[in-house]
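For clarity, every value in this text was computed on a predicted model and none was experimentally measured. To find a chain, count down the sequence lines: A is the first, B the second, and so on, and within it residues start at 1.
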Protein chains: 2
Amino acid sequence: MRPTMGDIAVEAGVSQMTVSRVIRGTGQTSVEVRERVHDAARKLGYVQNRLATALRDESSTLVAVVLPTLRNRVFSEVLDGINEVLSTGGYRPVFGVTEYSQEREEELVLDLLSWRPRGIILSGLEHSDATRAAVLASGVQVVEVMDTDGDPISAAFGLSQTQAGRTTASHMISKGYRRFGYIGSRDGKDLRAEKRFAAFRDVVRESGAQIVNEILVEGPSSMVAGRRSTAQMVASADRPDAIYFSNDDLAAGGIMHCLSEGIEIPSELALAGFNGLSFLEALPIRLTTVETPRLEMGRRAAAHVMQASEPSESLPSPSVIDLGFRLIPGETC
Amino acid sequence: MRPTMGDIAVEAGVSQMTVSRVIRGTGQTSVEVRERVHDAARKLGYVQNRLATALRDESSTLVAVVLPTLRNRVFSEVLDGINEVLSTGGYRPVFGVTEYSQEREEELVLDLLSWRPRGIILSGLEHSDATRAAVLASGVQVVEVMDTDGDPISAAFGLSQTQAGRTTASHMISKGYRRFGYIGSRDGKDLRAEKRFAAFRDVVRESGAQIVNEILVEGPSSMVAGRRSTAQMVASADRPDAIYFSNDDLAAGGIMHCLSEGIEIPSELALAGFNGLSFLEALPIRLTTVETPRLEMGRRAAAHVMQASEPSESLPSPSVIDLGFRLIPGETC
DNA sequence: CTGAAAGCGCTAACAT
DNA sequence: ATGTTAGCGCTTTCAG
C-alpha cells in the first residue's frame with residue numbers, strides 16, 4: 001500500500017540498504033545517489049515506518065507517560081514540560097490516565113510497556129508491587145515525578161510533599177492562627193495531598209493548635225468546589241480561623257466566597273493553598289501558597305529518559321532529585 | 001532479552017502459533033492448552049510486543065493527536081475527552097503540540113504518521129497543503145476538532161466560531177453597548193479566535209457601533225494577561241464601554257481588575273468571554289460567555305476514529321458535525 | 001484443535 | 001560506496 005524503502009530503491013535504481021542509509025544519513029553515500037533517493041522518496045510520498053525500525057531496534061522512541069488525571073492543570077503542565085523536552089529529540093509521549101487508581105495504573109503500565117517505549121514516566125512513588133515489578137523487568141528507563149518522600153523505583157524528580165505541608169503549617173502558626181480547617185479532595189485518593197495534610201496536621205498539633213474541621217470534596221478539585229466547601233465550613237459550628245486547602249483551585253474558590261460575602265481576609269478568615277499557579281497573580285487578593293516546579297519536573301524527567309543512551313548493565317542506583325518548593329507569602333495569611 | 005511468544009511456546013510445550021491464539025483469544029484452543037500457556041506467560045512475565053503486531057497488521061492502535069498548545073485548559077479538556085474514549089478500546093494517544101504553527105504541524109503530522117496510527121486528530125480546519133496531502137495519502141482516519149467554518153479533510157466535530165462571534169456581538173449590542181474593545185492573544189496566530197473576532201466586528205459595524213480599541217497580548221492567554229490588558233484599555237483615551245475577550249481566562253482577568261479597582265460591572269464596563277470554563281461559576285460576578293462542547297468534541301473525534309473498522313474503499317464523504325455552542329448570559333453584560 | 005511457513009519494513013553485520 | 005543476508009516478534013494462510 002504505502003511506499004516502502006524497497007519501492008524507493010526501485011525508483012532510484014539502488015538497493016534498499018542504500019535507501020536506508022540515505023534516509024537516516026548514516027554511512028557513506030555519494031552525492032548523486034543521495035539526490036536520486038531523496039527525489040524518489042519525495043515523488044512517492046515516502047513516510048518512514050517506525051514500527052519496523054522499533055521492532056528491529058527492540059526499542060521505540062515513544063515514551064510512556066502515566067498521569068493521575070488531566071482535569072488538574074498541574075498535570076497538564078507536567079505533561080507540557082515532558083513534551084517540550086521529548087519533542088526536541090523526536091521522541092513522542094504516549095499516555096494514559098489512572099484516575100488515581102493503582103489498579104488502573106497497573107493495567108496501563110503493562111499496556112504502555114507493550115509499545116516498547118524508551119522510558120516510562122510515572123506520577124508519585126506509590127505503585128502496586130506488580131507495577132514496580134513490571135517496569136523493572138521491562139528494562140526501560142523509569143522516572144517518577146512529583147514526590148520525593150519515599151523509595152523511587154529508579155530515578156525521581158519531585159519535591160517533598162511532607163516538607164511543603166510542614167512549611168505551610170509553620171507559617172500559619174507563626175501568624176498566630178490556632179483553629180484550622182482543611183479542605184481537600186478526591187476522598188483521600190490523592191496520596192500526595194494526604195502527605196501534605198498529615199505533615200500539616202502534625203505541626204499544628206505539635207504547636208498546641210488544632211484542626212477543627214475537615215471537608216473532602218467529591219469529584220475533581222475546582223474553584224467551584226472550593227467556594228462551596230468554604231461557605232459550608234464558615235457557616236458551620238466549628239468555624240476555623242484559617243483554612244489549609246489541598247491546592248490553589250480550591251483556595252481560590254475560598255477567596256471568591258470571602259469576596260462575595262464580605263468576609264475580611266485574613267482577619268476573619270485566613271487561607272493557604274498549594275502549587276503557585278499563575279492565575280493567582282490576577283486575583284484581587286494574593287493567596288499565600290507554595291510554589292512547585294511543575295514544568296521543571298516534567299522537563300527533567302523527559303531529559304533523564306532521553307539521555308539514557310547506553311543501556312548500562314549496571315542500572316544507575318535509585319536516586320531522588322529534590323527540585324524544591326517555595327513558600328510565597330501573600331495577603332491571605 | 002524480554003520473553004517472546006516463542007519462549008512461552010517452549011515453556012508450555014506448544015507451538016508459537018498456539019500461544020498467539022491463546023493470548024489473543026482467537027481460534028479454537030483446548031482448555032488444557034490455554035491454561036498451560038497462560039501459566040507460562042505469567043511465569044515468564046510476558047508482555048506482548050505490539051510493535052510486531054502493528055507491523056504485521058500494517059496499522060497500530062495508536063491515535064495521533066495534534067494540538068496547538070497544552071497551556072490552555074481548552075485543549076487539555078479536549079485531550080481528556082479523546083483519551084477517555086480511546087482508552088475504553090485499548091487505543092492510546094500519541095501526541096504533539098504545534099504552538100499554533102502550520103510548519104510545525106506539518107513536521108509533526110509526518111512524524112506521527114510514521115507510527116502508522118489508526119487515525120489522526122487535528123485541531124482546526126486550516127492546514128498547509130502538504131499536511132492535507134500527507135494525511136490523505138496515509139489513508140488513516142482523519143478528524144478535525146474545534147471548528148466547522150471551512151472544508152474538512154474528512155470529518156470534523158466542532159462549532160461555528162463565526163456564529164459564536166456573531167451571537168456574542170448581537171447580545172452585547174442588544175444590551176445597548178456601542179463602544180467596544182477587544183482583547184485577544186497569540187498575535188493572531190489563533191485562527192479560531194480570529195474568526196470569532198472578525199464575525200464580532202462585522203456585526204458591530206453592521207449595527208452602527210464601533211470597535212474603539214484592540215489589544216493583542218503576547219504569550220499565552222491567561223488571567224494575568226487579561227487583567228493587565230484590561231487595566232491598560234480602561235486607562236486609555238479610547239476607553240470602551242464593553243470588552244470582548246477572546247476567551248474566559250482573559251475575561252476573568254478583566255473581572256478581577258474591575259473588582260480590584262471598584263469599577264462597576266456592567267454599568268461602567270461590560271465584558272464577555274468565550275468557552276464557558278467551569279471556574280467561572282466560582283467568581284463573585286458571573287461572566288457572560290459562550291459555552292463550548294470541549295469534552296464532547298474530543299469524545300466524538302475519538303469515537304469516530306475507533307469505529308472506523310472497515311477500511312471502506314469509498315472514503316466517507318467529508319462531513320462536518322456541528323456540536324453547537326450556547327450563550328450563557330451572566331452579570332457582565 | 002494445532003502447527004509450519006511466509007512476510008510485514010527495517011537495519012546491523014558482513015561482504016564486495 | 002554500495003549490496004546481500006538474516007532476523008526483530010508477530011499473525012495470516014494453508015495444512016494437517
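Contact between the side-chain N/O atoms of B:Thr18 and the OP1/OP2 oxygens of C:dG3 is found at a separation under 4.0 Å. Put simply, B:Ser15 has no side-chain N or O that comes within less than 4.0 Å of OP1 or OP2 on C:dA4. B:Arg24 has a side-chain polar atom (N or O) that falls below the 4.0 Å cut-off from OP1 or OP2 of D:dT12. For B:Ser20, a side-chain nitrogen or oxygen approaches OP1 or OP2 of D:dT11 to under 4.0 Å. At C:dA12, none of the side-chain N or O atoms of A:Gln16 fall inside 4.0 Å of OP1 or OP2 (strictly under the cut-off). For C:dT11, the OP1/OP2 oxygens have a side-chain nitrogen or oxygen of A:Thr53 closer than 4.0 Å. Taking side-chain N and O atoms only, A:Thr4 has no distance below 4.0 Å to OP1 or OP2 of C:dG9.
Between the C1' atom of C:dG9 and the CZ atom of A:Arg2 lies a distance of 13 Å, rounded to the nearest Å. Per the geometry, CE belonging to B:Met17 stands 13 Å off C1' belonging to C:dA6, to the nearest Å. D:dT11 atom C1' lies 7 Å from atom CG of B:Asp57, rounded to whole Å. We find that CE of B:Met5 is positioned 20 Å from P of D:dG7, with the value rounded to whole Å. The CG atom of B:Asn49 sits 13 Å away from the C1' atom of C:dC8 (whole-angstrom rounding). To the nearest angstrom, C1' of C:dC8 lies 18 Å from CZ of A:Arg50. C:dG9 atom P lies 10 Å from atom CZ of B:Arg56, rounded to whole Å. Atom CG of B:Leu44 is separated from atom C1' of D:dG9 by 15 Å (rounded to the nearest Å).
In summary, the side chains of B:Ser101 and B:Thr98 do not present any donor paired with an acceptor at a separation below 3.5 Å, with no hydrogens or angles considered. A donor atom on one side chain and an acceptor atom on the other are not found under 3.5 Å apart for B:Glu106 and B:His127.
Taking a cutoff of 4.0 Å between a charged side-chain nitrogen and a carboxylate oxygen, B:Glu11 and B:Arg42 do not qualify as a salt bridge. Electrostatic pairing of A:Arg73 and A:Glu77 does not count as a salt bridge here, judged by no charged N lying under 4.0 Å from a carboxylate O.
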For a quick test of your reading: what N or O donor-acceptor pairs under 3.5 Å do the side chains of residues 51-59 of chain A make, sequence neighbours left out?
| unit_1 | atom_1 | unit_2 | atom_2 | d |
| --- | --- | --- | --- | --- |
| A:Thr53 | OG1 | A:Gln48 | NE2 | 3.1 |
| A:Thr53 | OG1 | A:Asn49 | O | 3.4 |
| A:Ser59 | OG | A:Arg118 | NE | 3.1 |

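Checked by distance alone, A:Arg21 brings a side-chain donor or acceptor within 3.5 Å of a matching partner on the base of D:dG3.
Projected onto DNA chain D by closest heavy-atom contact, A:Glu32 and B:Val47 fall at different nucleotides, the more 5' of which corresponds to A:Glu32. Nearer the 5' end of DNA chain C, as judged by each residue's closest nucleotide, is the contact made by B:Arg34, out of B:Arg34 and B:Leu55.
Using a 4.0 Å heavy-atom distance criterion, B:Gln28 is classed as a base contact.
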